[in-house]
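Labels below follow one simple rule: chain letters A, B, ... track the order of the sequence lines, proteins then strands, and each chain is numbered from 1.
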Amino acid sequence: MINELFFMNGYEVYVLSAFGFTILSFTALYLVIKIQFIKEQSKFLIKFGSLNSEKANSAKSQRINKEILANATNK
Amino acid sequence: MFKFFEPNKIFQVTSKAPKYVLFLFIIVFSIGLTEALILSPEDYKQSHAVRIMYVHVPAAWISLGIFSSITFLSITGFIFKNKNFFLIAKSLAPSGFVFNIIALVTGSIWGKPTWGTWWAWDARITSMLILSLFYAMYLISWRIYENEEKVFKVTTFIMILGVINVPIIKYSVDWWNTLHQPASINILSKTSIHSSMLFPLMIMTAAFTLFSLLIFLMKYNTELIKIKNKGLDRL
């Protein structure tokens, strides 16, 4: 049973490389998108921090900006 | 009519959803892998090589589905001048492209033990390769064009041209003599695949759908924050 599971009648190289490639692609795509997201989020925090209080209040009046700040600071 | 699709409203959901989708994906993918690699039976002809189907087929289905969705969103966004539709379409593209590549690579790996070759210029495989070129052109267009109006026009044009290829991919195995086998799963007619293989295939399709949803949500949030970053510059 265990032998058959790992050696798959000689097809293990094909099967495991297909699954391996899929998992590798998933991981790479997830990491690339996650890094892009973190970069934009940090850019937002830096830009928001550099605003004076009047502009910061005006920016905070938008619900979406409030959400971005809340999500970024919750981490 | 499209008030539901306003970024301000959507962001409340999309910003919180990824962690739940990731959790669900890990569970469904783990079940799918167990089913596909351990519990499902081997094929009487292809033996264990048939297991490649569980990653190849869902990847091909989803890449085609995403391509059609992007086309629909681009055309609708263009007609109704709705920028958010373009943003949703742009956020779907990375996962669609990656699934297209997975379908091509795993198909090639599957081809070696079953057909004796890594690659054949047959109608199904070539049309899938053409699809990946349209995906690449679409993604590159978003990078090279700065002007919003221009990028909307160019990407819509690319998708309209590319979507002609979708029915060609679907029916290529019926219209021409190909190495690729005809469809085993049909919605309108009888499915020729046994339930012991259909079940893991459906689980893996669900897992892949969840993964594309996860990537879409993360990319969409990134694009919205990017827009808001530009907005802060203008304050």
To the nearest 0.5 angstrom, please state how far the [atom1] atom of [X] sits from the [atom2] atom of [Y].
| X | Y | atom1 | atom2 | answer |
| --- | --- | --- | --- | --- |
| Asn229(B) | Leu45(A) | CG | CG | 9.0 Å |
| Lys34(A) | Leu214(B) | NZ | CG | 9.0 Å |
| Asn9(A) | Gln46(B) | CG | CD | 13.0 Å |
| Glu12(A) | Arg51(B) | CD | CZ | 12.0 Å |
| Asn221(B) | Glu67(A) | CG | CD | 10.0 Å |
| Ile68(A) | Phe11(B) | CD1 | CZ | 4.5 Å |

[X] versus chain A, the contacting section by heavy-atom distance below 4.5 Å:
| X | value |
| --- | --- |
| Phe216(B) | neither |
| Ser95(B) | both |
| Met204(B) | side chain |
| Leu22(B) | side chain |
| Leu37(B) | both |

Taking every non-hydrogen atom, the tightest pair across [X] and [Y]:
| X | Y | value |
| --- | --- | --- |
| Thr106(B) | Ala18(A) | CG2-O, 3.7 Å |
| Leu33(B) | Phe19(A) | CD2-CD2, 3.5 Å |
| Phe26(A) | Phe211(B) | O-CZ, 3.3 Å |
| Ile33(A) | Met218(B) | CG2-CB, 3.5 Å |

Do other residues, nucleotides or ligands put more than 12 heavy atoms under 6.0 Å from the NZ atom of Lys16(B)? yes
Quick check on Lys81(B): does its NZ atom have over 12 non-hydrogen neighbours (other residues, nucleotides or ligands) under 6.0 Å away? yes
Among the listed options Ala36(B), Ala49(B), Pro18(B), the residue most often paired with chain A at heavy-atom distances under 4.5 Å: Ala49(B)
Quick one: what part of [X] sits under 4.5 Å from any heavy atom of chain B, side chain, backbone, both or neither?
| X | value |
| --- | --- |
| Gln62(A) | side chain |
| Ile23(A) | side chain |
| Phe21(A) | side chain |

What's the verdict on side-chain contact (heavy atoms from CB on, under 4.5 Å) for Met8(A) and Glu42(B), showing C-alpha distance, side-chain angles and the deciding distance? CA-CA 9 Å; Met8(A) 298 181 183; Glu42(B) 60 182 291; over 6 Å; no
Just do the salt bridge (charged side-chain N to carboxylate O under 4.0 Å, His left out) check on Glu40(A) and Lys228(B) with the steps written out, would you? CA-CA 10 Å; Glu40(A) 286 302 324; Lys228(B) 288 294 151 187; over 6 Å; no
With heavy-atom distances below 4.5 Å as the criterion, would you say the side chains of Gln36(A) and Lys219(B) are in contact? yes
How about Ile52(B) and Tyr11(A): do any of their side-chain heavy atoms sit closer than 4.5 Å? no
Does the gap between the ring centers of Phe37(A) and Tyr220(B) come in under 6.0 Å? no
